[in-house]
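Computed over heavy atoms, backbone and side chain alike; hydrogens, waters and symmetry mates excluded. The model shown is predicted, which means the values in this text are computed figures rather than measured ones.
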Amino acid sequence: MAQENSKNNDLVEWINPLMGTDSNYELSNGNTYPSIALPWGMNAWTPQTGNNGNGWQYTYDATKIRGFKQTHQPSPWMNDYGMFSLMPMVQKETVDEEQRASWFSHKTEIAKPYYYSVYLADYDITTEITPTERAAAFLFTFPETANGYIVIDAFDRGSYLKIIPSENKIIGYSTKYARGKLNNFKNYFVIVFDKAFDPSSLWSDATKMNELELSGGHISGLIHFKNLKKGEKISAKVASSFISWEQAERNLKEIGSDDFETVKQKAKAVWNQTLSKIQVEGGTPDQMRTFYSTLYRTVFFPMKMYEINAQGQPIHYSPYLGTVKPGYRFAGTGFWDTFRALYPLLNLAYPAINREMQQGLVNDYLEGGWLPEWSSPSYSDIMIGNNSASVVADAYIKGVKIDEIETLYEALLHGANNEGPQATGRKGVEFYNKLGYVPYDVNINENAARTLEYAYDDFTIYQLAKALNKPQAEIDLYKSRAMNYKNVFDPETKLMRGRNKDGSFQSPFNPLKWGDAFTEGNSWHYSWSVFHDIDGLAQAMGGYKDFTAKLDAVFTMPPDFDDSYYGQTIHEIREMQITNMGQYAHGNQPIQHMIYLYNYAGEPWKTQYWIREVMAKLYQPTPDGYCGDEDNGQTSAWYVFSALGFYPVCPATNQYVLGTPLFKKVTLHLENGKQFIIAAPNNSADNKYIQNCTLNKKEYPFNWISHEAILKGGTLQFEMAPTPNTTRGTQPAYFPFSMSTSK
C-alpha cells in the first residue's frame with residue numbers, strides 16, 4: 001500500500017497505485033492495475049495475477065502472481081500490446097504460467113509509482129522493480145538454492161528469444177496485440193543480468209528445445225542460476241523498443257551504470273517534480289491520498305510511443321506504415337472519455353507534454369490518413385464521436401503552441417465530413433450533414449448520441465476556425481451545425497430521443513433504456529451533452545426553473561433501467577444502481593459534467609452540494625476506490641479539477657465552471673513560471689458552500705473563471721459556510737458561456 005508522508009516535497013508518498021484494482025468483468029471499481037512507470041513513459045510494469053492475455057492483468061482479490069509484465073494496456077476492455085514478462089523461481093524447471101505462479105499477500109507488497117516490491121511465498125524470493133521511461137531495473141533476492149531460475153515469457157501470437165551467455169544477455173521480441181491492425185509490429189527487448197548464468201533453455205510452448213535462439217508461436221526462456229546463497233541478489237536491466245534491438249540497447253542507456261537504488265531515487269524525483277505542479281494543503285489524510293492517487297492516474301495515457309535516436313531526435317514506429325518515421329507519437333487513449341477533462345487538465349498543468357501529443361496527432365494523420373478516436377496503439381474500432389476535434393481545438397485555444405495547426409485543422413475537416421475505418425471520422429456522416437442528425441432507423445447504432453457528439457465537435461471546429469481566421473462561410477457552416485443537437489431534442493418529453501429519417505421521433509420511447517440510441521447510458525444521461533449551449537438546452541426544457549427541476553430529478557428518480565438492448569445488465573448499469581444516487585451514473589463519462597450545470601441556471605449551490613457528495617462517497621484511496629472505469633485519466637481528472645474548485649464543462653472555450661474547492665489551499669505552479677493560488681481557509685466537510693469569492697482581492701461574482709485569468713497568476717479566494725448563499729451567481733450575467741447567449 002502507498003505509504004503516508006505529509007511532506008509537501010514528497011508528494012508521491014501519498015499515492016496508492018492499488019486504488020481501483022479491486023475490479024472484475026462484472027463490476028468495475030476502477031479497472032486499474034498498479035502502474036510502475038514514469039509519467040507518460042513508453043511502457044509500464046505491473047505484477048501479473050491474471051493469465052496471459054487476460055485484460056484483468058492484476059486484480060486485488062487474486063492470490064498468486066504469474067510474472068512481472070511489461071504493459072501498455074489502457075484498460076482491460078482494450079487489453080494490451082507488445083507484452084512480455086519475467087518471473088523468478090527456485091527448483092521448478094518449468095515455464096508454464098500456472099505451474100510457476102506463486103502465492104503472495106498484500107501484507108508483503110509495496111506499491112509506489114516509482115517502486116514495487118513483493119514477496120513470492122512459494123519461492124522465498126523478493127522481487128523489486130523501478131522504472132525509467134523506456135527501461136526498468138529489477139532486483140531479485142533469492143534464498144539458498146541449488147537451482148534458481150528466471151522465466152522470460154515472450155507471450156504467444158509470434159515471439160522470439162535468443163540467449164547470449166557471453167554477455168549475460170537475452171534479446172527477444174513479442175508481436176502480441178489485441179486491437180486494430182498493426183503492420184510489421186514487434187516489441188523488441190533486451191535483458192542484461194549482472195551475474196553469469198548457467199546453461200539455460202528455450203521453450204516452444206511447453207516443449208524444451210536444445211537451442212539458444214528460437215522463434216515460434218509462444219517462446220519462453222528459462223534462465224538458470226546455480227548454487228545461490230541465502231540473500232543473494234541478482235539484478236536485471238530491461239529495455240524495449242518498437243523499432244529495433246539496436247534502439248532497445250540505446251534505450252537501456254536510460255539506466256546506464258546506475259545501480260538499482262539510484263534508478264529508484266531518480267524515478268521518485270521525476271514523480272515528485274511532476275506532482276508538484278499542483279500542491280494541495282489543508283485536507284484530511286484520505287483526501288490527500290485520493291487527490292494524488294487520482295493525479296497519478298492522469299499522467300500515464302497516452303503513453304509515449306516515440307524513442308530518441310543516436311542523433312538525439314525523436315523517432316517512432318508507425319503502425320500504419322510498418323516503418324520508422326521521424327517525430328513524436330503517442331498511443332493508448334480514447335478521446336470519447338478523455339476530451340472531457342483529461343486533455344483540459346494537460347492544457348492547464350502540463351501543456352508542454354500536450355504539445356508533443358498534438359505533434360504526434362499530426363503524424364497519425366499524415367501516416368494513417370485519419371486522426372485516431374481510440375488509439376491502442378493504432379486505430380481501434382470502438383466507441384463513437386469525432387472528439388479529436390475537441391482535443392485539438394482545446395489545446396490551441398488554451399495557448400498550446402502547435403507548429404502544424406493548419407495540418408491538424410485539415411485533419412479535423414476531413415474527419416468531420418467522411419466516415420473512416422476503425423471508428424475514425426463520422427459514422428452516418430451523410431445523414432448528419434444532410435438532415436442535421438443521424439437517424440434512428442438506418443441501422444446506425446447509438447445515433448442520438450452520435451448526433452449530440454458531432455454537434456459539439458462541430459462547435460469546437462467552429463471555435464478553431466475563428467481562431468485561425470478561416471473563410472466566413474466555413475466558420476458559419478460549423479457554427480450552424482453546432483446547433484444540430486436541437487434535432488434530437490423531443491419537445492414532448494423534453495429529453496433527447498432517437499429520430500427517424502422521416503422526421504418522426506422513435507417510438508415507443510423509454511428514457512431509461514440504456515444503449516439503443518445512446519452510448520453506455522440512457523436519455524437521462526445524454527440529454528445534458530450540449531456542452532456548448534447549456535442555456536439553449538435550458539430554454540428548450542422550459543426555462544431555468546424547469547431545467548433545474550430536470551437536473552434535480554436525475555438524483556431523485558430510482559435507479560431503474562432497461563437493459564434489453566444489451567441483453568444483460570452491463571457493469572456500467574450496475575455501477576449506477578449501487579451508488580444510490582438515482583439516475584446519476586458517475587461511473588461512466590457522459591454525465592460527469594452534469595452536476596456543474598446548475599451554474600447555468602442560477603442555482604450554483606446545488607452544484608456545490610452534489611460535488612461534495614460525489615467526492616466523499618464515490619472516491620476513496622482504496623482498492624475499490626472508484627465507482628466505475630477510471631478510463632485513462634478521465635474519471636481521475638474529474639476529481640482533480642473538482643478538488644481545485646472548477647471544471648472544464650466545455651473544452652474549446654476558455655472557461656472553467658466553478659464548483660466548490662476541497663482543500664484549504666491549492667497552488668498551481670504553472671509552466672509559464674506564474675503561481676495561481678486557490679484559497680479557502682475556512683474550508684471543511686461542513687463548510688461546502690461558497691459564500692463569496694474574490695479574484696486578486698476584488699469581488700468575483702461569476703460562476704466561471706477564465707484560462708487566461710489563471711495563467712496570469714494570482715489568488716482566487718473563497719469564503720465557505722455550512723449553508724448555501726442563494727443570491728450569489730443567480731443572475732444570467734454571471735452564468736458561464738453558452739452559444740445561444742454569446743455575443
Side-chain angles (χ1 to χ4, degrees), residues 8 276-283 287-288 291 294-295 341 344-351 397-399 593 595-600 602 604-612 615 637-651 653-685 687-722 724-725 727-731 733-737:
N8 279 340
S276 69
K277 299 296 183 184
I278 309 179
Q279 289 189 293
V280 300
E281 304 171 48
Q287 288 169 342
M288 296 287 288
F291 182 85
T294 54
L295 185 58
L345 181 63
L346 298 183
N347 292 331
L348 178 62
Y350 306 104
I397 286 164
K398 299 274 179 61
H593 68 295
I595 290 176
Y596 284 87
L597 302 189
Y598 290 104
N599 282 287
Y600 294 75
W605 58 90
K606 291 182 178 177
T607 289
Q608 295 155 29
Y609 172 82
W610 283 114
I611 286 171
R612 287 291 185 93
M615 296 182 85
W638 185 95
Y639 187 94
V640 171
F641 267 121
S642 295
L644 300 185
F646 48 79
Y647 187 79
V649 168
C650 186
T653 68
N654 68 340
Q655 292 186 2
Y656 304 96
V657 179
L658 295 188
T660 176
L662 185 63
F663 297 97
K664 294 183 187 299
K665 184 180 180 183
V666 178
T667 306
L668 301 180
H669 297 277
L670 302 167
E671 280 189 2
N672 65 8
K674 303 284 180 66
Q675 287 188 5
F676 188 77
I677 294 170
I678 301 141
N682 65 331
N683 213 346
S684 69
N687 290 355
K688 68 185 75 166
Y689 296 106
I690 298 171
Q691 292 304 290
N692 56 58
C693 176
T694 61
L695 179 60
N696 298 326
K697 299 184 178 179
K698 294 181 181 178
E699 183 181 356
Y700 192 78
F702 300 97
N703 292 349
W704 55 273
I705 186 168
S706 74
H707 185 72
E708 291 79 6
I710 294 173
L711 292 192
K712 287 177 182 175
T715 300
L716 182 67
Q717 181 138 340
F718 295 97
E719 180 187 338
M720 310 298 292
N725 178 346
T727 59
R728 186 191 179 280
T730 58
Q731 299 304 310
Y734 303 136
F735 295 176
F737 169 88

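- Contact of the P722 side chain with the Y689 side chain is not registered, since no non-hydrogen atoms from C-beta on lie closer than 4.5 Å.
- Side chains of H707 and K398 form a contact here, defined as non-hydrogen atoms less than 4.5 Å apart.
- No side-chain heavy atom of W605 sits under 4.5 Å from any side-chain heavy atom of T660.
- Closest non-hydrogen pair, G282 versus K664, comes out as O-CG, 3.5 Å.
- Side-chain contact between F702 and F735: absent, with no pair of heavy atoms (C-beta onward) separated by less than 4.5 Å.
- Remark: M720 CE to S684 OG distance equals 8.5 Å, nearest 0.5 Å.
- Residue N599 holds its CG atom at 11.5 Å from OG1 of T730, rounded to the nearest 0.5 Å.
- Rounded to the nearest 0.5 angstrom, K665 NZ and T715 OG1 are separated by 8.0 Å.
- What you find for P648 and A341 is that their closest heavy atoms are CG-CA, 4.1 Å.
- In this structure, the side chains of P681 and Q717 come closer than 4.5 Å at one or more pairs of heavy atoms.
- Looking only at atom types and distance, the side chain of Q691 has no donor-acceptor partner in the side chain of N725 under 3.5 Å away.
- Between the side chain of Q608 and the backbone N or O of I690 there is at least one donor-acceptor pair closer than 3.5 Å.
- Using a 4.5 Å heavy-atom threshold, the side chains of V657 and Y600 count as touching.
- The CD1 atom of I278 sits 10.5 Å away from the OG1 atom of T667 when rounded to the nearest 0.5 Å.
- In the model, E699 has no side-chain atom that pairs as donor or acceptor with a side-chain atom of N692 under 3.5 Å.
- Between Y647 and W638, the ring planes lie tilted relative to each other; the angle falls in the 30° to 60° range.
- Heavy atoms only, all atoms of each residue included: N696 and G713 are closest at ND2-O, 4.1 Å.
- Contact check for E281 versus F663: no side-chain heavy atoms found under the 4.5 Å cut-off.
- Nearest heavy-atom pair, R728 versus P701, reported as atom, atom and distance to 0.1 Å: NH2-C, 3.6 Å.
- Using a distance-only test at 3.5 Å, with no hydrogens or angles considered, a donor-acceptor pair links the side chain of T607 to the main chain of I595.
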- Query: Please walk me through it: do V666 and I677 pass side-chain contact (heavy atoms from CB on, under 4.5 Å)?
  - Reply: CA-CA 6 Å; V666 178; I677 294 170; over 6 Å; no

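- A distance-only check finds no donor-acceptor pair linking the side chain of S706 to the backbone of Q655 [under 3.5 Å].
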- Item | Stepwise side-chain contact (heavy atoms from CB on, under 4.5 Å) test for V280 and M288 | CA-CA 8 Å; V280 300; M288 296 287 288; 3.6 Å; yes

- Query: Yes or no on side-chain contact (heavy atoms from CB on, under 4.5 Å) for I710 and I705, after CA distance, side-chain angles and deciding distance?
  - Reply: CA-CA 8 Å; I710 294 173; I705 186 168; 4.2 Å; yes

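- Applying the side-chain hydrogen bond (donor to acceptor under 3.5 Å, both in side chains) rule to R612 yields the partners N683; only residues at least two apart in sequence or on another chain are considered.
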- Dump the intermediate steps for side-chain contact (heavy atoms from CB on, under 4.5 Å) on Y656 and F641, then the final yes or no. CA-CA 9 Å; Y656 304 96; F641 267 121; 3.9 Å; yes

- Going through the checks in order, is the ring pair (Phe, Tyr, Trp, His ring centres under 6.0 Å) test met by F646 and Y596? CA-CA 9 Å; F646 48 79; Y596 284 87; 9.4 Å; no

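- For the pair N703 (side chain) and L658 (backbone), a donor-acceptor distance under 3.5 Å is absent.
- Pairing each heavy atom of A637 with each of L345, the nearest pair is CB-CD2, 4.4 Å.
- Between atom CZ of residue F718 and atom SG of residue C693 there is a gap of 4.5 Å, rounded to the nearest 0.5 Å.
- Taking 4.5 Å as the limit, some side-chain heavy atom of L662 sits within range of a side-chain heavy atom of Y639.
- Residue Y734 holds its OH atom at 12.0 Å from CH2 of W704, rounded to the nearest 0.5 Å.
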